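Structure first, then comments.
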There are 2 protein chains.
Amino acid sequence: MDRELLKGHLPVLILGVLREKPLHGYAICREIQSRGASELKLKEGTLYPLLYRLERRGHIKSFWETAPSGKQRKAYKITKSGIKMIESHKTEWKILTSLFSTFLGEGWVKQ
Amino acid sequence: MDRELLKGHLPVLILGVLREKPLHGYAICREIQSRGASELKLKEGTLYPLLYRLERRGHIKSFWETAPSGKQRKAYKITKSGIKMIESHKTEWKILTSLFSTFLGEGWVKQ
DNA sequence: TTAACATATATTGTGTAACATAATATGATG
DNA sequence: CATCATATTATGTTACACAATATATGTTAA
């Protein structure tokens, strides 16, 4: 999948994962990898900065958890603002969809 | 509409306009403006470089036409490659849609 | 057992490309 | 002259890709 097309959408996909349960970065990476299959590969170097941005903006909150190995690792939990962001992204998505309908015809979205 | 979300999609919207009929840059601008309503404002400084890119990649072809005023102006026509690009973008769109379904649930796209 | 290696986890730096914004230029027109 | 139609160019912001690095732990092979 063309990387440009993900711009702006990617964070919401992450939020979608975190909405189910809190996860630490590396686990998010694997989760995305396994679900997104070949369509969506996400290297750590892409994910982590993205997580920092999301936290800086208040959409997720990090906390420390103890791995089975005893090692500390940083995990992330979605916030109310994050949930709200998912919702408002849905609105944006509809706008985008309607733009495509307008410029490329009904057939674009349906079927 | 959040500008990030348009990345990669914008050129296809332009191609959608040009698929109907050839237009010169400024006219494309007005066309987009009038159809895209408030959701999509497009300054010349954004449009023209975009047109150059599209031409460089062979998706549109420019030619000179004479305005009613007698002035020469550059107009653009979509190419076969451009049409093909619209089609393949539709595929990408479906992938994106399915990613959202996967990560945010069925309800994302429908309704 | 120790050395080598792999895996889990996180960080950081650098590059690319799209799009935004704004400034500028020119001819036409009222 | 002011405004409109039309095009160009320069500069900035930001996301995301990619690659390199760091460290702790767990596993395998000599």
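Quick note on labels: first sequence line is chain A, next is B, and so on, each numbered from 1. This is a predicted model, so every value here is computed, not measured.
Put simply, the side chain of B:Glu92 gets close to the backbone of A:Asp2: a donor and an acceptor are under 3.5 Å apart.
An OP1 or OP2 oxygen of D:dA17 is reached within less than 4.0 angstrom by no side-chain nitrogen or oxygen of A:Arg3. At D:dA15, one or more side-chain N or O atoms of A:Arg57 fall inside 4.0 Å of OP1 or OP2 (strictly under the cut-off). Close to D:dT6, at under 4.0 Å from its OP1 or OP2, lies a side-chain N or O of B:Arg30.
The side chain of A:Arg53 has D:dC16 as its nearest neighbour among D:dC16, D:dA17, C:dA18.
Rounded to an integer number of Å, the gap from A:Leu10 CG to D:dC16 P is 5 Å. Summarising the geometry, the separation between CD on B:Gln72 and P on D:dA5 is reported as 19 Å, rounded to the nearest angstrom.
The pair B:Glu87-B:Lys84 does not count as a salt bridge, with every side-chain nitrogen at least 4.0 angstrom from each carboxylate oxygen. Between A:Glu20 and A:Arg35 there is a salt bridge, since at least one side-chain N of the basic residue sits less than 4.0 Å from a carboxylate O of the acidic one.
Place A:Pro68 and A:Pro11 on DNA chain D by their nearest nucleotides, and A:Pro11 ends up nearer the 5' end.
Between A:Leu18 and A:Leu23, the shortest heavy-atom contact is CD2-N, 3.7 Å.
Heavy atoms of B:Arg56 sit nowhere under 4.0 angstrom from any nucleic acid atom. If you check every strand for non-hydrogen atoms under 4.0 Å, A:Gly70 touches nothing.
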Dump every N/O contact between nucleotides 11-14 of chain C and the protein below 3.5 Å, one line per pair.
residue	atom	partner	partner atom	Å
C:dT11	OP1	A:Lys74	NZ	3.4
C:dT11	OP2	A:Tyr52	OH	2.3
C:dT11	O5'	A:Tyr52	OH	3.1

